[in-house]
Amino acid sequence: MPKAILVDTTRCTACRGCQVGCKEWKNFPAVPTKQQGSHQNPPDLTHYNFKLVRFSEHLDGDTVKWYFFPDCCRHCVDAPCKNVASVKDSIIQDKDTGAIIYTDLTAKEDFKTIKDSCPYDIPRQDPATKKIVKCDMCIDRVKANLLPMCVKSCAMGAMSFGERADILKQAAERLEAVKKEFPKAALLNKDDVSVIFLVADEP
């Protein structure tokens, strides 16, 4: 059965537990960064950062409000990157979970073609191996009946994982509750992706 993740941004405190947990599970090295005028760090996704909590500031009258968005691959139901791939089995969709998996064969793909096909600007390329990389929904953990590391490490309970039908039901119920405080709350692209975001204000 296809799986899905619900990311409730109204519960996110930008602790970055998901970001760090992902990096630790993948055994990725630190990425040198410098202050760019934002608490967001690193500034963008990289071949060693598959998860990134994005920060943005907005004025609400005289009040500055922070918004946090744990960005990652959406594991599209009908993935554009998979559809434009030219090398057989370089990008596959796991039949059990629906996760979109990039294999070592992506090193033979044209990176710009793959990257430009993604509406969420997710794929990155490892400059050493030329492989194209991104979140794989922790497919190794999921196959072992474990939660994806981002979900496991979310201390605020902002992320949920399970069967797609159950997650969609949970998302709809949570949306109704959130709308009492945030009338413009919405679920982003819920029919098209397997990582579904609940946001307080629809963009």
Side-chain angles (χ1 to χ4, degrees), residues 1-9 12 18-19 21-22 25-26 44-54 68-126 131-143 147-152 154 158-172 174-175 185-199 202-203:
M1 295 287 290
K3 308 292 186 182
I5 297 173
L6 171 63
V7 183
D8 182 350
T9 66
C12 179
C18 59
Q19 184 175 312
C22 171
W25 180 255
K26 298 293 185 186
D44 201 2
L45 297 168
T46 75
H47 62 291
Y48 286 143
N49 293 91
F50 292 174
K51 188 90 175 181
L52 176 67
V53 179
R54 296 192 184 275
F68 312 129
F69 191 87
D71 199 11
C72 67
C73 176
R74 309 306 195 272
H75 294 277
C76 298
V77 174
D78 183 20
C81 59
K82 181 178 182 295
N83 293 337
V84 301
S86 62
V87 178
K88 187 178 186 302
D89 293 334
S90 66
I91 300 175
I92 60 175
Q93 186 166 31
D94 180 67
K95 60 182 177 58
D96 295 326
T97 63
I100 302 300
I101 308 297
Y102 284 18
T103 73
D104 290 350
L105 293 173
T106 54
K108 299 180 180 179
E109 294 283 1
D110 178 67
F111 174 54
K112 187 175 188 306
T113 298
I114 301 299
K115 189 171 189 292
D116 289 352
S117 74
C118 177
Y120 308 106
D121 189 29
I122 297 300
R124 296 294 186 266
Q125 188 175 47
D126 185 325
K131 290 188 292 187
I132 306 172
V133 295
K134 65 165 193 66
C135 161
D136 59 5
M137 202 188 279
C138 279
I139 193 71
D140 53 343
R141 292 179 58 85
V142 172
K143 294 283 189 179
L147 291 172
M149 186 51 77
C150 60
V151 179
K152 174 73 173 177
C154 181
M159 297 185 189
S160 303
F161 176 79
E163 302 295 337
R164 181 178 175 80
D166 294 338
I167 291 294
L168 286 171
K169 182 180 177 183
Q170 179 183 340
R174 177 63 183 156
L175 177 62
L187 297 172
L188 302 183
N189 307 308
K190 67 180 179 65
D191 296 325
D192 303 321
V193 298
S194 296
V195 180
I196 302 158
F197 288 85
L198 189 160
V199 295
E202 187 172 12

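Computed from heavy atoms alone, side chains included, the values below leave out hydrogens, waters and symmetry copies.
In this structure a side-chain-to-backbone donor-acceptor pair under 3.5 Å is missing from N49 to L45. R164 places no side-chain N or O within donor-acceptor distance of the main-chain N or O of G162, the cut-off being under 3.5 Å. The main-chain N or O of S86 is found under 3.5 Å from a side-chain atom of E109 such that the two form a donor-acceptor pair. Of the possible donor and acceptor atoms, one in the side chain of S194 sits under 3.5 Å from a partner among the backbone N and O of H75. Remark: side-chain polar atoms of T9 are not paired, donor with acceptor, to backbone N or O of C12 under 3.5 angstrom.
Between R124 and D44 there is a salt bridge, with a side-chain nitrogen of the basic residue lying less than 4.0 Å from a carboxylate oxygen of the acidic one. A salt bridge does not link K3 with D94: none of the charged nitrogens is closer than 4.0 Å to a carboxylate oxygen. A salt bridge is absent between D71 and K51; no separation between the charged side-chain nitrogens and carboxylate oxygens falls under 4.0 Å.
The shortest side-chain heavy-atom distance between Y120 and V195 does not fall under the 4.5 Å cut-off. Side-chain atoms of I132 and K115, non-hydrogen and from C-beta on, never get closer than 4.5 Å to each other. Side-chain contact check for P80 versus P119: some heavy-atom pair is nearer than 4.5 Å.
Here the straight-line distance linking atom CG of L175 with atom NZ of K190 works out to 9.5 Å at 0.5 Å rounding. The structure places CG of D104 at 12.0 Å from CG of D89, a figure rounded to the nearest 0.5 Å. Annotation: the span from C118 atom SG to D116 atom CG amounts to 10.0 Å, rounded to 0.5 Å. Note that OG of S90 is 9.0 Å distant from NZ of K82, once rounded to the nearest 0.5 Å. In this structure, CD1 on I101 lies 11.0 Å from CD1 on I91, to the nearest 0.5 angstrom. How far CD of Q93 is from SG of C76: 9.5 Å, rounded to the nearest 0.5 Å.
Of all heavy-atom pairs spanning A172 and L187, the tightest one is N-CD1, 4.2 Å. In terms of heavy atoms, L6 sits closest to Q170 at CD2-NE2, 4.0 Å. Smallest separation of non-hydrogen atoms from I5 and F161: CG1-CD1, 3.5 Å. Considering every non-hydrogen atom in both A85 and I114, the closest pair reads CA-CD1, 4.0 Å. Heavy-atom minimum distance, V53 versus Q19: N-OE1, 2.9 Å. The two residues M137 and V142 have their closest heavy-atom pair at O-CG2, 3.4 Å.
No more than 12 heavy-atom neighbours from other residues, nucleotides or ligands sit within 6.0 angstrom of NZ on K108. Within 6.0 Å of the NZ atom in K26, the count of heavy atoms belonging to other residues, nucleotides or ligands exceeds 12.
For the pair K131 and Y102, the NZ or CZ position fails the cation-pi test of under 6.0 Å to the six-membered ring centre and within 45 degrees of the ring normal.
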Please walk me through it: do D192 and R74 pass salt bridge (charged side-chain N to carboxylate O under 4.0 Å, His left out)? CA-CA 9 Å; D192 303 321; R74 309 306 195 272; over 6 Å; no
Tell me, with the steps shown, if S117 and C81 meet side-chain contact (heavy atoms from CB on, under 4.5 Å). CA-CA 6 Å; S117 74; C81 59; 3.6 Å; yes
Audit row: W25, D140, side-chain contact (heavy atoms from CB on, under 4.5 Å) steps and yes/no: CA-CA 10 Å; W25 180 255; D140 53 343; 3.1 Å; yes
